Structures are given as C-alpha cells and as structure tokens.
Amino acid sequence: MSFSEIIGQPELIARLGNALSGTPGHAYLLMGPTGSGRRMIARSFAKALLCFKPSSRGSCDQCDSCRHFDHGVHPDFFVLAAEGKEKLIKVEKVRRSACADVQMKPQMSGRKVYLIMADELNEQGQNALLKTLEEPPDYAVFLLVSVGSERLLPTIRSRVVPLVTARLSEADIIEVIRRSCDMDECSPDQLRFYARYAAGVPGAAISLLAQDWFVPLRGETADFYFQLASLKPADLLTDGYAFLETNKAHIDPLLAILLSLVRDELVYMKTGQTGTLVNQDLAPKIISHAKAKACRVEGLSAIANAIHLTRKALTFNVSFEISACQLLLVIRREFIHA
C-alpha cells in the first residue's frame with residue numbers, strides 16, 4: 001500500500017512524501033468528502049510512518065513492519081472509530097486507547113500511529129484528546145480523518161496539519177472503478193456516466209454501482225423531471241409529493257439525480273454544448289426540454305438552489321413533508337409560470 005497505489009492526489013502525495021523525507025509532525029487532519037479515499041490515504045501514510053525503510057514514495061512493502069501492517073496485527077497502529085451501531089466514539093475509549101496508551105513506548109517501530117475518525121468524536125471526546133495533542137510523546141503521530149475542519153473544536157484545529165483530498169478527474173475515477181469493481185457488465189458509456197456523476201468522489205461511483213435501486217430510480221426521476229412542465233399546478237403538488245414520498249428511503253440520491261438534470265439543462269441553455277453533460281444518454285431529452293423553454297435560466301437556478309436547501313434541511317431532520325412541499329412549490333412557481 002505504497003503511495004504508488006493511490007490514484008490521483010499528486011499534490012497531497014508530494015506533501016506526505018516531503019514529511020517522510022524530513023521530520024513528520026505529530027498530528028495531521030486529512031479532510032475530504034465521504035468516498036474521497038481519505039481513509040485509505042491515511043492508512044498508506046500510517047504504514048509509511050511505521051515502515052523500517054520509508055521513502056518519499058511511501059512504505060517499502062517488504063519489511064516486518066509493513067507485513068504486520070498488511071495483516072492487521074501491527075502493535076503500534078491503532079484505529080479509533082465508532083463500534084457497531086454506535087455513531088460516536090465513546091469518551092472512555094479515547095482516554096483508554098489513545099490518551100493512556102500513548103504513554104507506552106512503541107513495541108516494533110520507532111513510532112506509534114493513531115488513526116482517528118474525527119467526525120465520530122463529540123465535544124467531550126475531542127476535549128479528552130486535546131491534552132494528548134498538546135503534549136504528545138516524540139514517537140506519537142495522530143492522523144485525524146474528517147469531512148471538514150468545521151466539525152472540530154478550534155483548539156483541535158490549531159494543533160493539526162491540515163491536508164485536503166482533491167476531487168479526481170473523470171479518467172482517474174474510471175481507473176479507480178476498474179481496480180475496485182467487476183466491470184464485465186458495465187459499458188464504457190456507463191463507466192463515463194458514473195465517473196461524471198460522482199463529481200470527483202470515487203467512492204460515490206463505486207457505491208452506486210453496487211446498488212440495484214439506482215438505475216430504476218434515475219429513470220423514474222428523469223421521467224418526473226421531463227414531465228414537470230406539462231403538469232397542472234395541483235397535479236404537480238399531489239403527484240410530485242406522492243413520487244417523493246414513495247422514494248423517501250432514497251430521497252437524497254433522488255434529489256442528487258434531479259439536481260444533475262437541472263444542472264445539465266442549465267449547462268446546455270448557457271453554452272449550447274452537450275460535451276460536459278453528466279447525463280449524456282439523456283442529452284436528446286435535455287435539449288428538447290431546454291428548447292421548449294419550459295423554464296428560464298433564472299428559474300432553473302432557483303430550482304437548483306431549492307434542491308440544495310432541501311438536501312441540507314433533511315440532513316438536519318427537518319420535517320420531510322415540509323421540505324418536500326417547499327421544494328415542489330418552488331418547482332411549480334418556476335415551471336408553471338415560466
């Protein structure tokens with residue numbers, strides 16, 4: 001698991017390589033969206049930090065330390081994450097597995113490395129970790145993984161080196177998919193769609209490829225979108241709400257699909273080009289819908305913003321009925337009165 005196995009991320013890999021060539025810091029915060037590969041990168045860095053013969057290219061993959069790491073039995077590597085159905089790491093586990101354990105010297109390597117899923121730490125857990133981050137032993141390195149630094153206390157953020165994963169190119173995501181999945185039943189056009197739809201996050205593409213509900217949901221959402229302009233105002237609210245409620249279990253993916261269609265139509269209306277459309281297979285329908293002027297550019301932008309706000313509201317457990325109805329009211333206003 002040397003850095004050569006990481007696809008993309010040249011700037012991040014260069015920074016990690018420079019750290020290995022010099023004196024690594026005691027705490028790093030690796031940030032990026034879920035599915036961006038941040039945990040894999042953190043593990044690659046941890047392996048290199050523990051390696052007996054590391055280089056700017058990462059671990060050697062041959063020494064005893066690397067072999068122990070690959071088999072999941074390295075005595076100086078620790079992962080702190082929520083267990084089972086729990087959403088948070090227990091404060092006691094932070095105190096026992098990090099704060100207390102760090103006082104014991106390494107058994108095999110010259111360092112001890114702690115990989116911590118920082119988004120699973122509440123305020124008490126972060127405060128428990130803080131003292132150790134302030135005065136760590138020389139041999140300790142903490143690798144925190146998070147969606148973003150705003151989830152962490154300012155006192156934690158001030159003691160870590162921030163590292164950010166970049167969004168991958170379409171070609172890089174296709175390569176990640178090829179290495180990770182069985183592509184026998186996936187055409188080149190399908191690969192390109194998933195790579196574009198993932199918006200630079202390879203894990204999102206891999207996850208959707210494994211879901212048997214995604215393709216039917218995308219088809220139904222596209223049908224719903226292209227018939228919006230022909231619906232009567234009352235029908236849009238009743239039939240539209242019924243459609244959203246029926247697919248409540250997958251509401252966020254549904255809204256993401258809907259947003260991709262709005263985005264594609266906006267792109268076509270502004271550029272007249274189809275080369276950058278995410279939904280290439282639906283290009284004829286998108287073009288026809290745009291030329292029919294079912295909705296103006298300003299209206300589509302308002303709908304896109306409403307979808308963003310709805311997705312955000314639902315993550316904060318705002319009422320599904322209220323959120324769905326507010327979105328449908330915006331859609332009705334922009335499509336019916338375009």
Side-chain angles (χ1 to χ4, degrees), residues 33-35 87 147 190 193-194 196-199 201 203-205 207-269 277-290 292-338:
T34 301
K87 294 183 178 180
V147 170
Q190 289 174 314
F193 163 73
Y194 282 103
R196 290 188 177 190
Y197 187 81
V201 183
S207 176
L208 289 176
L209 276 164
Q211 307 300 329
D212 55 8
W213 50 260
F214 179 73
V215 172
L217 180 66
R218 179 173 173 254
E220 293 169 10
T221 304
D223 291 341
F224 169 72
Y225 179 72
F226 291 123
Q227 70 174 354
L228 285 174
S230 62
L231 290 176
K232 295 179 181 179
D235 291 341
L236 195 154
L237 289 177
T238 55
D239 296 350
Y241 183 79
F243 173 67
L244 296 179
E245 187 177 41
T246 299
N247 293 286
K248 186 176 179 179
H250 301 303
I251 190 61
D252 190 67
L254 185 157
L255 293 175
I257 294 167
L258 190 61
L259 185 61
S260 75
L261 293 165
V262 174
R263 176 262 182 201
D264 280 354
E265 188 165 348
L266 271 169
V267 168
Y268 179 76
M269 291 178 75
L277 299 187
V278 172
N279 301 279
Q280 285 284 330
D281 57 323
L282 299 176
K285 289 185 177 182
I286 292 170
I287 293 170
S288 176
H289 200 251
K293 298 188 185 320
C295 192
R296 297 168 299 174
V297 168
E298 295 80 3
L300 287 172
S301 297
I303 292 171
N305 185 57
I307 295 172
H308 277 300
L309 292 176
T310 301
R311 295 180 72 186
K312 185 176 181 179
L314 292 174
T315 62
F316 288 101
N317 295 320
V318 175
S319 165
F320 175 85
E321 183 176 359
I322 292 173
S323 300
C325 287
Q326 287 179 337
L327 173 61
L328 290 169
L329 286 171
V330 173
I331 292 175
R332 184 179 73 166
R333 182 189 70 210
E334 301 303 338
F335 270 101
I336 303 300
H337 303 293

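Because the structure is a prediction, the values reported are computed rather than measured. Positions are given from 1, in the same order as the sequence printed here.
Here the CG atom belonging to Asn317 is positioned 10.0 Å from the OG atom belonging to Ser323, to the nearest 0.5 angstrom. For the atom pair Cys325 SG and Leu329 CG, the distance stands at 6.5 Å (nearest 0.5 Å). One distance of note links CG of Leu261 with CG of Leu300; it measures 11.0 Å at 0.5 Å rounding. Rounding to the nearest 0.5 Å gives a distance of 9.5 Å between CD of Glu298 and CG of Leu266.
Annotation: ring pair (Phe, Tyr, Trp, His ring centres under 6.0 Å) contacts involving residues 292-327, sequence neighbours excluded, are absent. Every pair passing ring pair (Phe, Tyr, Trp, His ring centres under 6.0 Å) that includes a residue from residues 232-260 is listed here, sequence neighbours excluded: Trp213-His250, Phe224-Phe243.
For Thr246, there are no side-chain contact (heavy atoms from CB on, under 4.5 Å) partners two or more places apart in sequence or in a different chain. For the salt bridge (charged side-chain N to carboxylate O under 4.0 Å, His left out) test, residues two or more places apart in sequence or in another chain that qualify with Arg311 are Asp252. For Asn279, the side-chain hydrogen bond (donor to acceptor under 3.5 Å, both in side chains) test picks out Arg218, Ser260, Asp264, with sequence neighbours left out. The side-chain contact (heavy atoms from CB on, under 4.5 Å) search around Thr238 returns Asp235, not counting sequence neighbours.
Under the side-chain contact (heavy atoms from CB on, under 4.5 Å) rule, Thr221 has a single partner from Asn247, Leu254, Leu244, which is Leu254.
Judged by distance alone, the side chain of Gln280 and the main-chain N or O of Leu277 form a donor-acceptor pair under 3.5 Å. The main-chain N or O of Ala204 is never found under 3.5 Å from a side-chain atom of Tyr197 such that the two would form a donor-acceptor pair.
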Let me see the working for Phe335 and Ile303 under side chain to side chain contact (heavy atoms under 4.5 Å, CB included), right down to the final yes or no. CA-CA 9 Å; Phe335 270 101; Ile303 292 171; 3.4 Å; yes
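Smallest separation of non-hydrogen atoms from Ala306 and Leu327: CB-CD1, 3.7 Å.
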